[in-house]
2 protein chains.
Amino acid sequence: MSDRRIAAVQTVLQQNEIGALLASVGSDLPYLTGYRAMPLERITALVVPGVGDADLFVPELEAPRVATAVEVRPWGETTDPFDLIASALPKSGIVAVGDQMWSSFLIALQERLPGIRFVDAESIMAPLRMIKDEDEIAALRDAGHAVDGVADELATLRFSGRTEREMSRIVSDLVLASGHESVSFAIVAAGSNGASPHHEASDRVIRPGDAVVVDFGGRMRGYGSDTTRMYCVEETPEGFDDAYAVLEHAQSVSVESVRPGTTAQAIDTAARSIIADGGYGEFFIHRTGHGIGLDAHEQPYIVQGNTQEIRVGMAFSIEPGIYVPDRWGMRIEDVVVVTGDGVERLNRSSRALRLVE
Amino acid sequence: MSDRRIAAVQTVLQQNEIGALLASVGSDLPYLTGYRAMPLERITALVVPGVGDADLFVPELEAPRVATAVEVRPWGETTDPFDLIASALPKSGIVAVGDQMWSSFLIALQERLPGIRFVDAESIMAPLRMIKDEDEIAALRDAGHAVDGVADELATLRFSGRTEREMSRIVSDLVLASGHESVSFAIVAAGSNGASPHHEASDRVIRPGDAVVVDFGGRMRGYGSDTTRMYCVEETPEGFDDAYAVLEHAQSVSVESVRPGTTAQAIDTAARSIIADGGYGEFFIHRTGHGIGLDAHEQPYIVQGNTQEIRVGMAFSIEPGIYVPDRWGMRIEDVVVVTGDGVERLNRSSRALRLVE
């Protein structure tokens, strides 16, 4: 796996006359080596030259836990790792750096290599990482089906009387129990808190009549899950049912619009136009979706202005929402993967509104 | 709080003729505004000019959850945020950027502002953030005492027959139950796995005779906890007791060496020389400690070569260890804060080796 992916990177480096690629914190590194660096001040960095063997520089105390086919070069506690890494990079020309590498690392390397122009590696890595192979799709599918089980189980639980934070803990525990190795987020947003799409679970107590947005996901075999379902306690709030019917239709049509050859923005338009026609256009305040893989959010972004062609093997969320300030919010989210003749939904739990206690 | 800290930054910017400071992902932003940005592709950035008001650029959908005294400037889903942020920065001179900001963000700004020299903001922020005020020390103290309770509770549990991963889950649950808002790490490393200081909990089953390194911490009111204690199942492995006596002595002397006016490396030397004298020098393969605050690891680093003067209000870990490959590892870790006449330990659970079932 590593060999093939690194070879693909080297082909692109050669085509674009880029001397080397540098991957550190973020997902380019696990994509190329199977190893994810901890986001800490001791730099871990993979240097992929245009030609020749890649080297993985790691802090000495991390070295024992690195299992990769790439050559590992540990550096000690009193070494300057930037001098070491700079010595493995070209002295002139272009070097591409992983998008999430810390700025302090980049600045340290820029100071040591004034003849290098550093560019964002995303234009090299995204085209490769966007197209998932069979193993990657299998991991995304398993993760998706696992969170579907969580969504179903939530429908059997009592929400009323619990705080958002308590419900969020329950969601996290269920995600881990479902086989995920970690929880990425567990948003529980009740009543008017639901009108803030990225609301953090608070001490607000959930009450009858609340609409509750539950948006959660984690990582399974390194790959992300991400789904959003709506739960209402005993009854729906005023004005909710009409909007929910519009949202469900918009999400469904948007998913059905996915096929090879369409564009990212066309999928966004499919959802957005139905919500606008329903009279809620001003309340759909975010893009329709985002790619998913080793990163919770990655290319392709399903947003106006993104003319990216949709291709077989891409995986992304479709998650339109309607947010009425001071009243309630709603969102329905599935991850889909593009197939030869359309789309496979990786989330299959019921998208119908669930009434809970 | 924000006003005073931003004013302190502006004083340093003026003294060093730096045009502005830019803070994004990482802890400079919550230090200056009380708001922590999610590490996602939509940039959140605080611009602190040398003179005048600071602006916080946030993705529109995050805006509802931002509570800060600083002026908030939301940007919409189809805006180019880098054009917007560049327009708020000077066009020539120096701009300091937060250490953990993504490289892709820095490169996007470098392309738009070719006349600016970007430098690492750590030299500005670390001297401010290293000296904790009363509220920060109170948060660190509460977090420390909470994990002490977890360490004690662990001593009452059965380790034998459980996997490292199961024990790690138990540790995480206890950290959350103790009042932390999140878990940063829960290392459980049994037997020879303990010889890798940053071992990830695995499916290895813990057995009688295993020495188990348990190193855990989280965030409480934004501030970190971090402690390591040793548990042995039923009995200690061969050669362990002698080394543990050396380690306990080294950790204790190192803590006692902390006082205003000493240096970071002198504290490292205090631990290192005792371990070397005990015959285990080659097995102490990492620095003695790291600062702690809004970041799990931050300045001052307690390491050879760091001549940083230790001052009242600094908080850091003291965590020497001994790691014998293929046999076992051990580490004892407390967080301390520097006081007028020495040091306050923020971890007070017993450092004695605990025998467990």
Side-chain angles (χ1 to χ4, degrees), chain A residues 22 24-26 38-42 59-65 76-78 97-108 110-111 118-122 165 169 172-173 176 181 185 193 195-200 268 285-287 290 295-299 301 303-306 321 323 325, chain B residues 22 24-26 38-42 59-65 76-78 97-108 110-111 118-122 165 169 172-173 176-177 181 185 193 195-200 268 285-287 290 295-299 301 303-305 321 323 325:
Chain A
L22 188 67
S24 177
V25 176
M38 284 196 275
L40 291 177
E41 71 290 354
R42 294 183 184 97
E60 196 170 59
L61 80 166
E62 313 288 353
R65 65 187 202 97
E77 289 283 71
T78 55
V97 298
D99 57 353
Q100 297 177 32
M101 187 170 86
W102 288 9
S103 287
S104 56
F105 299 167
L106 176 57
I107 287 171
Q110 286 176 331
E111 286 169 355
F118 288 88
V119 300
D120 187 352
E122 193 176 12
R165 203 185 307 273
R169 275 292 303 280
S172 293
D173 287 346
L176 291 174
E181 59 250 15
F185 48 88
N193 288 342
S196 173
H198 277 178
H199 174 70
E200 275 183 273
D268 182 82
I285 58 176
H286 58 68
R287 65 192 176 201
H290 55 79
D295 273 324
H297 290 182
E298 60 182 46
Q299 291 199 39
Y301 296 103
V303 62
Q304 289 304 307
N306 187 3
Y323 309 92
Chain B
L22 189 66
S24 178
V25 177
M38 284 195 276
L40 292 176
E41 71 290 353
R42 294 183 183 98
E60 195 169 59
L61 81 164
E62 312 288 354
R65 66 189 201 95
E77 289 282 72
T78 55
V97 300
D99 57 353
Q100 297 178 32
M101 187 169 86
W102 289 9
S103 286
S104 57
F105 298 168
L106 175 58
I107 287 171
Q110 285 176 332
E111 286 168 354
F118 287 89
V119 299
D120 187 351
E122 193 176 12
R165 204 186 305 276
R169 274 293 302 282
S172 293
D173 287 346
L176 291 174
E181 59 249 14
F185 48 88
N193 287 342
S196 173
H198 277 178
H199 175 70
E200 276 182 273
D268 182 82
I285 58 175
H286 58 67
R287 64 191 177 201
H290 55 79
D295 272 325
H297 290 183
E298 60 181 46
Q299 291 199 37
Y301 296 104
V303 63
Q304 289 304 308
Y323 309 92

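Proteins get letters first, then strands, A, B, ... in listed order; numbering begins at 1 in each.
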Chemist: Provide the closest heavy-atom pair for B:Leu61 versus A:Pro197 in the form atom of the first, atom of the second, distance.
Modeler: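 So the minimum-distance heavy-atom pair works out to O-CD, 3.7 Å.
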Chemist: Measure across A:Leu106 and B:Leu106 and return the closest heavy-atom pair with its distance rounded to 0.1 Å.
Modeler: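 Distance-wise, the nearest heavy atoms are CD2-CD2, 3.7 Å.
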Chemist: Picking from B:Gly76, B:Ser24, B:Ser196, which has the most non-hydrogen pairs under 4.5 angstrom with chain A?
Modeler: B:Ser196
Chemist: Under 3.5 Å, is there a donor on one side chain and an acceptor on the other for A:His198 and B:Glu62?
Modeler: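 On atom types as modelled, these side chains qualify, holding a pair under 3.5 Å.
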Chemist: As an exercise: rank B:Arg287, B:His297, B:His290, B:His286 by heavy-atom pairs under 4.5 Å with chain A and give me the winner.
Modeler: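 Of the candidates given, the most pairs with chain A belong to B:Arg287.
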Chemist: So which residue, A:Met38, A:His199, A:Gln100, ends up with the most heavy-atom pairs under 4.5 Å with chain B?
Modeler: A:Gln100
Chemist: Hey, are the side chains of B:Glu181 and A:Glu200 touching, using non-hydrogen atoms and a 4.5 Å cut-off?
Modeler: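 Of all side-chain heavy-atom pairs linking A:Glu200 with B:Glu181, none is under 4.5 Å.
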Chemist: Who among A:Gln110, A:Glu60, A:Arg165 has the most heavy-atom pairs with chain B under 4.5 Å?
Modeler: A:Gln110
Chemist: Grab the two heavy atoms, one from B:Leu176 and one from A:Arg169, that are nearest each other, plus how far apart they are.
Modeler: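 So the minimum-distance heavy-atom pair works out to CB-NH1, 3.4 Å.
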Chemist: Between the side chain of B:Ser103 and the main-chain N/O of A:Met101, is any donor-acceptor distance below 3.5 Å?
Modeler: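 The answer is yes, because a donor-acceptor pair under 3.5 Å joins these two groups.
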Chemist: Closest heavy-atom contact between B:Asp99 and A:Trp102?
Modeler: O-CB, 3.2 Å
Chemist: Report yes if some heavy atom in the side chain of B:Gln304 is under 4.5 Å from a heavy atom in the side chain of A:Glu77; otherwise report no.
Modeler: no
Chemist: Identify which part of A:Val119 has an atom lying under 4.5 Å from any heavy atom of chain B, answering side chain, backbone, both or neither.
Modeler: backbone
Chemist: Tell me, side chain or backbone of B:Tyr301 under 4.5 Å from chain A's heavy atoms, or both, or neither?
Modeler: side chain
